Amino acid sequence: MTARGRIATYGAAGLVVVVCLFPFLWMIISSIKVLTELYTIPPTWIPEAPTLGNYATVLFDSNIPRYFLNSVVISVGSTGLALILAIFASYGFARFQFRGKTYYQSFILVGQLLPTAAIIVPLFITLRYLDLVNTYLGLILVYMIVTLPLSVWMLTSYFKAIPRELEEAAIIDGASRLGVLFRITLPLSLPGLVAVMVYAFVTTWNEFIFALCFATDSSVKTLPIGLAEFTTEFNTDWGAVMAASVIMTVPIAILFLSMQKYFVGGMMAGATKG
Amino acid sequence: MAKIKTLAMLAAGVSCLALASGAASAGEVTWWSPNFNVERAEELKVKFEAANPDITLNIESTTTNGLPQRILTTLRSGSAPDLIDAQHPWVTGYAQNDLVLPLDDVIEDRDDYNKAAIDYVTYEGKLWGVPYRIEALAVLCNRGHFEEAGLDPENPPATWAEFLDAAQKLTHDGRSGFAITGGGEVGNTIFRSVPFIWENGGELVSADGKTAEVNGEKAVEAIKYWTDMYTEYGVSPASTLENDGTANRRLFIAEKVSCYQSGQFDIGSIQKENPAIDILPIMTPHPEGGNPSAILGGWSWVIPSSAKNPDDAKTLIKWLAQPENMGFYTDTFPARVSAMDLPRFDEPILKVFGEMLPYGRPLPNHPRWVQIAQAYFDGVQRILIGEQDVQASMDDAASDIQRLLDQ
Amino acid sequence: MPGRHTGLLFALPALFVLALLVAYPIVYTVILSVTDLGGSFNGTENFRNVLAARATPRAFQNTLWWVGGSIVFQVVLGTATAILLNRDFFGRSTVRAIAVIPWVVPGIVAATTWAWMFHTEFGIINYMLTGPGIIDEPVGWLTGRHTVMPAMIAINVWKLFPFVAIMVLAGLQSIPKDLYEAARMDGATFWDEVRYITLPQVRPVIVAVTLLLVIWALNHITTIYAITRGGPANLTLITPIQIFRLGFESFQFNEAAALSVMFFMVAMVIVALYIRFLASEGEIGR
């Protein structure tokens, strides 16, 4: 790299860091300010009287800890379910020819195109019918609409990229289709599976509208609803909102960072070998 | 459609049988109370259960964000709690869609209630909610700023001309004299601007609900007076278009705004966050020779038509509506006149708000009201962003509203 | 060869779950769209009412701006970031990690934080610009006729360009190194490489990612609804939000359903055309 190229590279990298991090940083700064300081004009860069009071409010004086648990259960559950369903469906799409395959594949995408506002009420009725309102399972199921399509899509491409010959050899040796899937294809697809997992987890962790409408009991409400609860009729506790936002974002950021290597690799095959 | 209703009922039935875990069965009443009321609701629960040992009360706290959506989803899905706190203007919408039960057999001593509140929740001659809370906006000012500007706090401006003059005197050095709203939910701007139209003898919609009158001379004059605060005289802050009532309160607390329209619900948080401010409530200014006006706001109790235990819910409403319980539960003023005698409503700072109540009017009652309000609000915003002048914008709003009235 | 139905059997559980969730909502919406409040058939009345509203064409136009603006910048900035992150420099893995933060931040959090930062009076952005004198007066970012939609698009771009960057970065890493080496032997500059090797090689990724971005942008509610609710004066009203408001704020569920049906058809056509166009190029859909 030339000197000029190097400067340009570092300059651009610095810009990316600032742009991506700044709002997050501002969130953290706001979360340790006292209420009156949040509303001073002009705003202050460094809190004059930094406080952990907002975090105390969030951790000890609100339902956030319980919602955190709910979010973990629901996100893990729906990620797991999406992963299982997507593995089978993608394998079917990637390895077999059958009548109407294109239609089935398009159908899986359709769910994402339905306007959210139009499906809330009928979906609620469906859940009532299945007796799943205000249950973990209900939310986990509903999130399939959101996560399954892309999961299937990504995994299908991933499976296609794995050479058929490996599987055929095993079948000649007498292995069953399922045995091949579990013993050969899946271990080879680890990065792809991680990519799907991270995607599904991030998406469900952050989802707001379905959670708002389908979880009306504090035993199943998730973190985004917890954020909304800091707003009362005439007031919003911004400090607490920011503190809760930090608490909500950190785990997902850590999860992502720890899986990042696999994720990029998984996306790679998923995205290019379609 | 009939099939859908059957299915919905079936669904309600199924969940009724199977929801033994936590939700209502015979003798249990599930009550959705907003999160700012829920502590008081819990206190009332103890007393109620002591007085009615065979009824168990489950209180669910609801959040303000998205509350109308959540209530509608549960009402439309055919399986709802037994009692819900809803704002007055929402109630007729539920009544039109058959989503709540009539409560004429529940309300006692109807004449003891604020008449405008009763009108709000009455539709086709029946009562669809029991009002428990009412309030009317006035103007909150900063007494210190008044004195600095050489104005007399004991003799505050009362007419439009006096008030504009005061607002201009209060505006200096980055401080705004009078903040209007132009953002947030539609209701913020409706509650703050429509009273000016009424004071001036104008209307949004004719009394028979058939003609849009928002582009009439009186209405346009009033809207011009109100929006000029921002567009012409600059006495309202630069952020007017993103400010709702809450944002204006923040600016007031930061002492960037000297006066803004609000209700008594803001007093507590102002005193807490900036105790240095001496709050001066004044009546909403009126045209020369006229009277102040206000939109009556507040909350009612409704019973969903799909409630599992409507009878016990009615017992609960009757108990809650007793003056001392209603007076305890409300955040602002109680809807019953006799409950106003309680000591908590006797504070000097509340005096002006109490005096505004008799000038309170309900909003027009029309199946398309929410869309009418939105069309009007869009018009006000077009004026504030400088897209159209007042007359042109209100002509457009009137044609939008007329189309809705004709449907 | 396996039996004719083996593949379908594998796909069946996923198809069943989706059908279970999607079938009733579709039927319900279609029925609502051609009935009135009382449930009796009223033909195309709901459709005509919706189309006559002043907000509808405006929302449609806004949706096109929103989708188009978001996607162009997401793809361009995302690709540029990916090319940057594929270069060799000190601290690269840290920068890569930081670059995904916007994507993992919850949408509702991003929206509230940005609204807070854009605020005319309390916002840090106006403070940073007025302080050194770049602008004299605070700008009403979220209220100005010419700034509010670009501001919304900027937030959406901020939220999703990292996703594009990860996907494209993955594609870049699969480009054989010898392609670049050969080019360099021929004296190609950095920009020549980008133009003649990098972009053609990652084109399939970009095409696929764009489809996802279109779908997401078409059905987006959170950011705009949380910040402006479609205002001021409908400047940021996009069709999904109009549907949401029509149903959940105005109680007009039948009209909301009619608008949903029309919106869904238009969205389907757009996506189908896109897929067909790609299929004919042999890039996806095989």
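Order of the sequence lines fixes the chain letters, A, B, ..., with proteins taken first and strands second; residue numbering starts at 1 for each chain. Because the structure is a prediction, the values reported are computed rather than measured.
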Hey, which of [options] has the most heavy atom pairs under 4.5 Å with chain A?
| options | value |
| --- | --- |
| C:Val17, C:Leu84, C:Ile241, C:Thr112 | C:Leu84 |
| C:Gly123, C:Pro102, C:Ala23 | C:Pro102 |
| C:Thr222, C:Leu218, C:Leu212 | C:Leu212 |

For residues 13-24 of chain A, which side-chain donor-acceptor pairs fall under 3.5 Å, sequence neighbours excluded?
none

On a heavy-atom basis, which atom in [X] and which in [Y] lie closest, and how many Å separate them?
| X | Y | answer |
| --- | --- | --- |
| C:Leu15 | A:Ile108 | CD2-CG1, 3.9 Å |
| C:Val109 | A:Met27 | CG1-SD, 3.4 Å |
| C:Ile243 | A:Pro115 | CD1-CB, 3.9 Å |

At what distance, to the nearest 0.5 angstrom, does [atom1] of [X] lie from [atom2] of [Y]?
| X | Y | atom1 | atom2 | answer |
| --- | --- | --- | --- | --- |
| C:Ile221 | A:Phe208 | CD1 | CZ | 11.0 Å |
| C:Phe263 | A:Leu114 | CZ | CG | 10.0 Å |
| C:Leu8 | A:Lys101 | CG | NZ | 11.5 Å |
| A:Thr44 | C:Ile124 | OG1 | CD1 | 8.0 Å |
| C:Ile125 | A:Trp26 | CD1 | CH2 | 10.5 Å |
| C:Leu21 | A:Leu141 | CG | CG | 5.5 Å |

Please look at [X] and chain C and tell me whether the side chain, the backbone, both or neither of the residue comes under 4.5 angstrom of a heavy atom of that chain.
| X | value |
| --- | --- |
| A:Ile209 | side chain |
| A:Ile120 | side chain |
| A:Leu181 | side chain |
| A:Phe93 | side chain |
| A:Ser30 | side chain |

* Asked: Relative to the ring of A:Tyr91, is the ring of C:Phe10 parallel (under 30°), tilted (30 to 60°) or perpendicular (over 60°)?
  ->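 Because their plane-to-plane angle is over 60°, the rings of C:Phe10 and A:Tyr91 count as perpendicular.
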
* **Side-chain donor or acceptor of A:Tyr10 paired with backbone N/O of C:Phe90 under 3.5 Å** =>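 Yes.
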
When heavy-atom pairs shorter than 4.5 Å are enumerated against chain C, which of [options] gives the highest number?
| options | value |
| --- | --- |
| A:Thr116, A:Leu223, A:Val202 | A:Thr116 |
| A:Ile87, A:Leu150, A:Ile119 | A:Leu150 |
| A:Ser90, A:Ala89, A:Ala8, A:Ala82 | A:Ala89 |

Under 4.5 Å from any heavy atom of chain A, what part of [X] do you find: side chain, backbone, both or neither?
| X | value |
| --- | --- |
| C:Leu9 | neither |
| C:Ala99 | both |
| C:Ala19 | both |
| C:Phe16 | neither |
| C:Met265 | neither |
| C:Ile101 | side chain |
| C:Val271 | side chain |
| C:Thr239 | neither |

* Take A:Met242 and C:Thr113 through the test side chain to side chain contact (heavy atoms under 4.5 Å, CB included) and record every step on the way to the result. => CA-CA 8 Å; A:Met242 290 299 156; C:Thr113 310; 4.1 Å; yes

Show me, pair by pair, the donor-acceptor contacts under 3.5 angstrom made by side chains of residues 243-257 of chain A, not counting sequence neighbours?
unit_1	atom_1	unit_2	atom_2	d
A:Ser245	OG	A:Val241	O	2.7
A:Thr249	OG1	A:Ser245	O	2.7

* **Stepwise side chain to side chain contact (heavy atoms under 4.5 Å, CB included) test for C:Trp103 and A:Asn206** => CA-CA 10 Å; C:Trp103 182 57; A:Asn206 294 344; over 6 Å; no

* Asked: Is the CH2 atom of C:Trp191 crowded by more than 12 outside heavy atoms at less than 6.0 Å?
  -> no

